[in-house]
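Remember, it's a predicted structure, so these values are computed and weren't measured experimentally.
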Amino acid sequence: MAAPQEILATRVQSALGAALGAEFAETDPVIRPSQFADYQANAALALAKRLGRAPRDVAADIVAQLDVDDMCRQVEISGPGFVNLTLREDWIAAQAQELLNDPRAGVPQQESETVAIDYSAPNVAKEMHVGHLRTTVVGDALVRVLEALGHDVVRQNHIGDWGTPFGMLIEHLLDVGEGSAEAELVKTDPNAFYQAAREQFDGSAEFAARARKRVVDLQAGDAETLRLWRELVELSTVYFNRIYDKLDVTLTDADLAGESKYNDMLPGICDELEREGIAEISDGALCVFLEGFTGREGKPVPLIVRKSDGGYGYGTTDLATVKYRVEHLGARRLLYVIGAPQSLHLRMVWETARKAGWLPEDVEPVHVQIGNVLGADGKILRTRSGKPIRLVELLDEAIERAAKVVADNRPDLDEDTRAGIAREVGIGAVKYADLSVSHDSEYVFDFDRMLALNGNTGPYLQYATARIRSIFRKGGVDPTAAAGPVAVTEPAERELALALLGFGPAVATVGATLEPHRLCAYLFELAQAFTGFFEHCPVLQAEDPAVRDSRFALIATTLRTLETGLNLLGVRAPEQM
RNA sequence: GCACCUGUAGCUCAGUGGAAAGAGCAUCGGACUUCUAAUCCGACGGCCGCAGGUUCGAAUCCUGCCAGGUGCACCA
């Protein structure tokens, strides 16, 4: 199963070799979608300069050697030397038929690579906010896509489960009592618990003293303190899992790889850095100074690996993640799906790891930068009173709003069905909104826009699948039973079939660029192509049984492609809506 | 001050060195006796922040500037 663009690329390359010499057989044929044909090959323009010839002549030579009769019905030199390529309808139909029969839905099977992916990373005893939402959703989509492409993906949920706040949290847990209603807040409203602890810490010197002592005990490995700490982590895990469940995210407890996991590695990391002369003591702290990293007033910025009080910061922990993921997990790509502001920090961590030999040249670390989510005012999304928005409330509001729309439009459905649809549509809308814009840009959060059935939204794609299912229901046909044969005659059929062939490449692109919004853009175009088909090409009312069978096959493939694509994004497709 | 990100239609956002820069929303005008109108079709709308440069060709690459955002020593 190969996409038109790829097949054309190899064909044009052979033509290049034949026309211009073997040394040109590897050059990029520059196949692009065209507004004047299906595709265009732009290689001649670039090569003309090198050859010292007129571009149109070069194009003519390429076309003379080009063997595409089986797949193109028109090959035309146009403009300054573009080669316009128009596919044959029977070829498109044959490819669509192949796609229908392809158990992988056109998704290429790539050579397996171990990829470690760090995403979500909420903090224990703290509410997840919209920033966590986005790294969770984007990270999970990347996981699904990479796995579909055949890679060995290791999820690493780097939760904040260690550090000074735990002294305060543990003491507060003891004060309210283990198992008390207030302790249970960690499962449901963690910020309430955290704020209460914070208030004690700020308001009571006695409490603060206890909290500080507790931190020391924790780091010393005191058994009772560790037990209480574990208790807090477990309570938090209940909260995380409730969110992940609601969000339909693949993370489980097995993926937890929080800061505490690396505690044992930290002293060794510092020792090695110091021994190798990579780190030095500055103002009492063990620091790595790297060339080219300067801050205010040109002062060198350190990566602090051991604080002056002997404690470790996140720089050390992050170094440990690199070491662990390379040495222990055998990862060839290290993905960090975290906020854009961490960019400087990560670059310093990686450069330090390179110097220390923990990050070999053939291992590629990537920062999948996550941009801020903004409110209507263009500032980081907060409630009217200025507090961060509770994620649970935000998700519930999305579901409520979706429920209202479903109730308005589908009074014929029973309540349970409507509630199920509302959940899938509401959550899908929020996730899709996070995924459909490039992950590194900020975007403005707007319920009305993301829940709209028009435009590049989750509901629009879900609606397309629901309409297809409706046709199959009415026709009494099982989508998996559609077998074709596929024929392509109407323009809308042609457009839909051609769009279907682009799925595999779109998924592959996301795997390479780590940009889920490209898959969104593809699925949106496919859904639009389907809508055009839906308007112009009746399926059930088609008079000719052969046309009917062909159209069944086309929409069955469309349904599977849309659902597979949505699934790769982590978005559900309701059977009706 | 240094570094990174962003600047594209009224708004929200796409855009792989290729032809005349795209979509959705909003606005205006149309289409339900039809497989879901929660839909669709059409129109309107652009010094691609500014100025240079590279190139046969630049929203895209380079340099400078302007504007906004973020980060820059012991929180993560």
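- The residue A/F472 sits apart from the nucleic acid: no heavy atom pair falls under 4.0 Å.
- Residue A/R347 has its side chain nearest to B/rA3 when only B/rU12, B/rA3, B/rU36 are considered.
- Within the 4.0 Å cut-off from OP1 or OP2 of B/rA14, at least one side-chain nitrogen or oxygen of A/S441 is found.
- Residue A/Y460 places at least one side-chain N or O under 4.0 Å from the OP1 or OP2 atom of B/rC40.
- Heavy atoms of other residues, nucleotides or ligands lying less than 6.0 angstrom from CZ of A/R214 number more than 12.
- Across all strands shown, A/R306 has no heavy atoms under 4.0 Å from either base or sugar-phosphate atoms.
- Here A/H517 lies in heavy-atom contact (under 4.0 Å) with sugar-phosphate atoms only.
- Here A/G455 lies in heavy-atom contact (under 4.0 Å) with sugar-phosphate atoms only.
- Atoms CZ (A/F533) and P (B/rU34) sit 19 Å apart, rounded to a whole Å.
- Among the atoms of the strands shown, base atoms are found under 4.0 Å from some heavy atom of A/S308.
- Pairing partner, B/rG64: B/rC50, with both Watson-Crick or wobble hydrogen-bond distances short of 3.5 Å.
- Classification of the A/F447-A/F445 ring pair by plane angle, with boundaries at 30° and 60°, yields perpendicular.
- At the heavy-atom level, A/F445 lies nowhere under 4.0 Å from the strands shown.
- With its glycosidic angle more than 90° from 0, B/rC25 is assigned anti.
- When heavy atoms are screened at a 4.0 angstrom cut-off, A/A285 is found touching base atoms of the nucleic acid.
- Summarising the geometry, the separation between CG on A/D28 and C1' on B/rG17 is reported as 11 Å, rounded to the nearest angstrom.
- Across A/A37 and A/L85, no two heavy atoms sit closer than the pair CB-O, 3.4 Å.
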### Task
May I have the step-by-step check of salt bridge (Lys or Arg N to Asp or Glu O under 4.0 Å) for A/R560 and A/E563, ending in yes or no?
CA-CA 5 Å; A/R560 189 168 62 128; A/E563 286 188 344; over 6 Å; no
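- One N or O donor and one acceptor, one from the side chain of A/S78 and one from the base of B/rA19, sit under 3.5 Å apart.
- In this structure, A/S34 does not reach the B/rA19 phosphate: none of its side-chain N or O atoms is under 4.0 Å from OP1 or OP2.
- Counting only heavy atoms from C-beta on, A/S282 has its side chain closest to B/rA73 among B/rA73, B/rG18, B/rA38.
- Considering only side-chain N and O atoms, A/R467 lies under 4.0 angstrom from the phosphate OP1 or OP2 of B/rA37.
- With both pairing distances under 3.5 Å, B/rU55 is matched to nothing as a Watson-Crick or G-U wobble pair.
- Using a 4.0 Å heavy-atom criterion, one finds that A/V539 contacts the bases of the nucleic acid, with or without backbone contacts as well.
- Between A/K404 and A/D408 there is no salt bridge, since none of the side-chain N atoms of the basic residue sits less than 4.0 Å from a carboxylate O of the acidic one.
- Nucleic acid contact class of A/V405 (heavy atoms, under 4.0 Å, all strands): base.
- If you check every strand for non-hydrogen atoms under 4.0 Å, A/E442 touches sugar and phosphate atoms only.
- Across all strands, A/Q576 comes closer than 4.0 Å to base atoms (heavy-atom distances).
- A donor-acceptor contact under 3.5 Å is not formed by the side chain of A/Q528 with the base of B/rA23.
- Geometrically, A/R467 engages A/F534 in a cation-pi contact defined by less than 6.0 Å to the ring centre and at most 45° from the axis.
- A/A466 comes within contact range of at least one nucleobase, with a heavy-atom separation under 4.0 Å.
- Figure legend. B/rU39 is base-paired to B/rA31; pairs are counted as Watson-Crick or G-U wobble with both atom distances under 3.5 Å.
- For B/rU36, one of the phosphate oxygens OP1 or OP2 lies less than 4.0 angstrom from a side-chain nitrogen or oxygen of A/K474.
- When both distances must be under 3.5 Å, the Watson-Crick or G-U wobble mate of B/rA26 does not exist.
- Pair assignment for B/rG45: none, as no Watson-Crick or G-U wobble contacts are both less than 3.5 Å.
- With hydrogens and angles ignored, no donor-acceptor pair under 3.5 angstrom links the side chain of A/S436 to the base of B/rA14.
- Residue A/L45 places its side chain closer to B/rG18 than to any other of B/rU70, B/rG18, B/rU36.
- Taking atom C1' in both B/rG45 and B/rC25, one finds a spacing of 13 Å when rounded to whole Å.
- You'll find a donor-acceptor pair under 3.5 Å spanning the side chain of A/N84 and the base of B/rA19, going by distance alone.
- Nucleotides B/rC61 and B/rG17 place their C1' atoms 8 Å apart, quoted to the nearest Å.
- Using a 4.5 Å heavy-atom cutoff, the side chains of A/W229 and A/D161 are in contact.
- Within 4.0 Å of A/G313, counting heavy atoms only, lie sugar-phosphate atoms of the nucleic acid but no base atom.
- Comparing B/rU16, B/rU36, B/rC74 by their closest approach to the side chain of A/R32 singles out B/rU16.
- Here A/N454 reaches the OP1 or OP2 of B/rC40: one of its side-chain N or O atoms lies under 4.0 Å away.
- Look at A/R296 and you won't find any side-chain N or O under 4.0 angstrom from OP1 or OP2 of B/rA3.
- Base-pair partner of B/rU70: B/rA3 (Watson-Crick or G-U wobble, both distances under 3.5 Å).
- Atoms OG1 and OH, from A/T135 and A/Y336 in turn, are 14.0 Å apart once rounded to the nearest 0.5 Å.
- Contact annotation for A/P302: base contact, defined as any heavy-atom pair under 4.0 Å involving a base atom.
- Computed from coordinates, the A/N456 CG to B/rA14 C1' distance equals 9 Å when rounded to whole Å.
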